J.: 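Sending over a structure as structure tokens; questions will come in a sec.
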Amino acid sequence: MYREATNNEIKKLEEIKGKCLSCQKCPLGKTRTNIVFSGGIPNHKLMLIGEAPGYYEDQKGEPFVGKAGQLLDKIFASVGLSRQKDVYICNTLKCRPPDNRDPLPEEKEACREYLDAQIEILQPRIILLCGRVAVNSLLNTTQGITKLRGRWFEGPYMSKMMPIFHPSYLLRNDSREKGSPKWLMWQDIQEIKRVYSQMD
Ligand code: SF4
């Protein structure tokens with residue numbers, strides 16, 4: 001059955017967030033406007049890991065805002081899921097890389113302990129790796145997401161991990177024809193919902 005995080009787990013997450021708020025472990029600490037620690041609802045069933053905050057996320061301190069966030073919400077809603085009730089959202093980096101450049105290896109390494117702590121506290125049963133940066137970090141691979149999306153991988157704490165396209169990529173590829181990124185995303189979210197529903 002769906003289970004929200006306990007008060008104790010939420011307190012532990014808040015403690016990690018507190019560390020991030022004053023973190024200067026990498027140079028992004030100097031240029032960020034806000035820490036983007038998490039969004040959605042802390043729970044033990046479904047976590048989505050994105051890349052790094054963009055301009056709007058940095059301004060608001062929330063992950064997946066703007067058009068990409070709206071599309072992500074629509075994708076979840078298409079199978080009856082929502083970030084308000086069902087999904088905990090976080091990123092590989094908590095601070096925005098300037099000009100939305102890719103995170104540097106040393107930045108990812110510096111920030112990894114916070115992501116690892118989020119995973120350890122919640123131990124979600126399904127982890128969605130949203131976009132190339134999250135896939136490369138969590139699966140420790142340089143393979144492209146097009147090859148990896150839609151497949152289940154063994155994740156930490158006996159979770160199941162699936163790479164999925166980033167909504168920004170879907171916004172740049174508008175076709176819905178069979179085999180297009182949007183069509184593939186539709187197949188993937190249905191498979192995710194199928195496994196999600198079996199995990200009660
Ligand atoms: S990106 Fe991560 S490691 Fe770098 S300053 Fe921000 S919180 Fe610290």
Side-chain angles (χ1 to χ4, degrees), residues 5 7-44 46-69 71-72 83 87-124 126-145 148 153 155-157 159 161-169 171:
N7 287 342
N8 192 35
E9 289 160 346
I10 290 171
K11 190 167 158 244
K12 284 184 188 169
L13 289 170
E14 287 299 316
E15 282 167 12
I16 303 297
K17 183 178 179 180
K19 285 188 187 176
C20 291
L21 288 170
S22 57
C23 181
Q24 295 291 330
K25 279 174 65 188
C26 83
L28 301 181
K30 300 240 178 321
T31 52
R32 70 175 175 240
T33 310
N34 285 298
I35 285 284
V36 179
F37 184 71
S38 68
I41 183 144
N43 74 92
H44 297 282
L46 184 55
M47 173 185 282
L48 179 138
I49 301 175
E51 305 188 344
Y55 174 80
Y56 294 107
E57 285 84 10
D58 176 63
Q59 292 294 308
K60 285 193 78 173
E62 278 177 42
F64 288 94
V65 296
K67 284 188 178 170
L71 179 55
L72 184 67
R83 80 164 89 185
V87 194
Y88 182 74
I89 300 178
C90 51
N91 281 321
T92 53
L93 286 194
K94 312 309 181 202
C95 304
R96 179 190 179 217
D99 303 320
N100 295 347
R101 65 158 167 73
D102 275 359
L104 301 174
E106 55 269 31
E107 293 163 353
K108 286 195 278 188
E109 195 184 327
C111 211
R112 183 60 188 256
E113 70 166 289
Y114 303 128
L115 176 61
D116 285 344
Q118 288 170 301
I119 296 172
E120 186 184 352
I121 291 165
L122 292 174
Q123 302 194 7
I126 299 173
I127 299 176
L128 304 180
L129 307 175
C130 187
R132 177 175 48 86
V133 171
V135 170
N136 294 353
S137 291
L138 274 289
L139 292 183
N140 201 17
T141 177
T142 53
Q143 263 197 300
I145 190 163
L148 299 172
F153 294 83
Y157 307 101
S159 60
M161 294 199 297
M162 183 190 280
I164 59 170
F165 287 128
H166 195 283
S168 302
Y169 177 73
L171 287 170

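Because the structure is a prediction, the values reported are computed rather than measured. Numbering of ligands and ligand atoms starts at 1, following listing order.
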J.: With sequence neighbours excluded, what pairs up with Tyr157 under the side chain to side chain contact (heavy atoms under 4.5 Å, CB included) test?
T.: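 Per chain and number, Tyr157 pairs via side chain to side chain contact (heavy atoms under 4.5 Å, CB included) with Ile119, Glu120, Gln123.
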J.: Working to the nearest 0.5 Å, report the span between CD1 of Ile41 and CZ of Arg83.
T.: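 The distance works out to 13.0 Å.
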J.: Around atom 4 (Fe) of ligand 1, list the protein N/O/S atoms within a radius below 2.8 Å, excluding water molecules.
T.: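 Within the sphere that stays under 2.8 Å of atom 4 (Fe) of ligand 1, the protein atoms of type N, O or S are Cys26 SG.
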J.: Could you tell me the separation between the CG atom of Leu138 and the CD1 atom of Ile49, rounded to the nearest 0.5 Å?
T.: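 Answer rounded to 0.5 Å: 4.5 Å.
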J.: Scan residues 17-26 for pairs that pass salt bridge (charged side-chain N to carboxylate O under 4.0 Å, His left out), counting only residues two or more places apart or in two chains.
T.: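 Residue pairs with at least one partner in residues 17-26: Lys25-Glu113.
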J.: Per the side chain to side chain donor-acceptor pair (under 3.5 Å) rule, what does the pair list look like for residues 95-109, sequence neighbours excluded?
T.: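 Passing the test, one end in residues 95-109: Arg96-Asn100, Arg101-Glu107, Asp102-Arg132.
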J.: Measure the spacing between CG of Leu93 and CD of Glu51 and express it to the nearest 0.5 Å.
T.: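 Rounded to the nearest 0.5 Å, the CG-CD separation comes to 9.5 Å.
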J.: Going by the order shown, which atoms of ligand 1 are within less than 4.0 Å of some heavy atom of Arg32?
T.: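 Listed by number with element, the hits are 5 (S), 6 (Fe).
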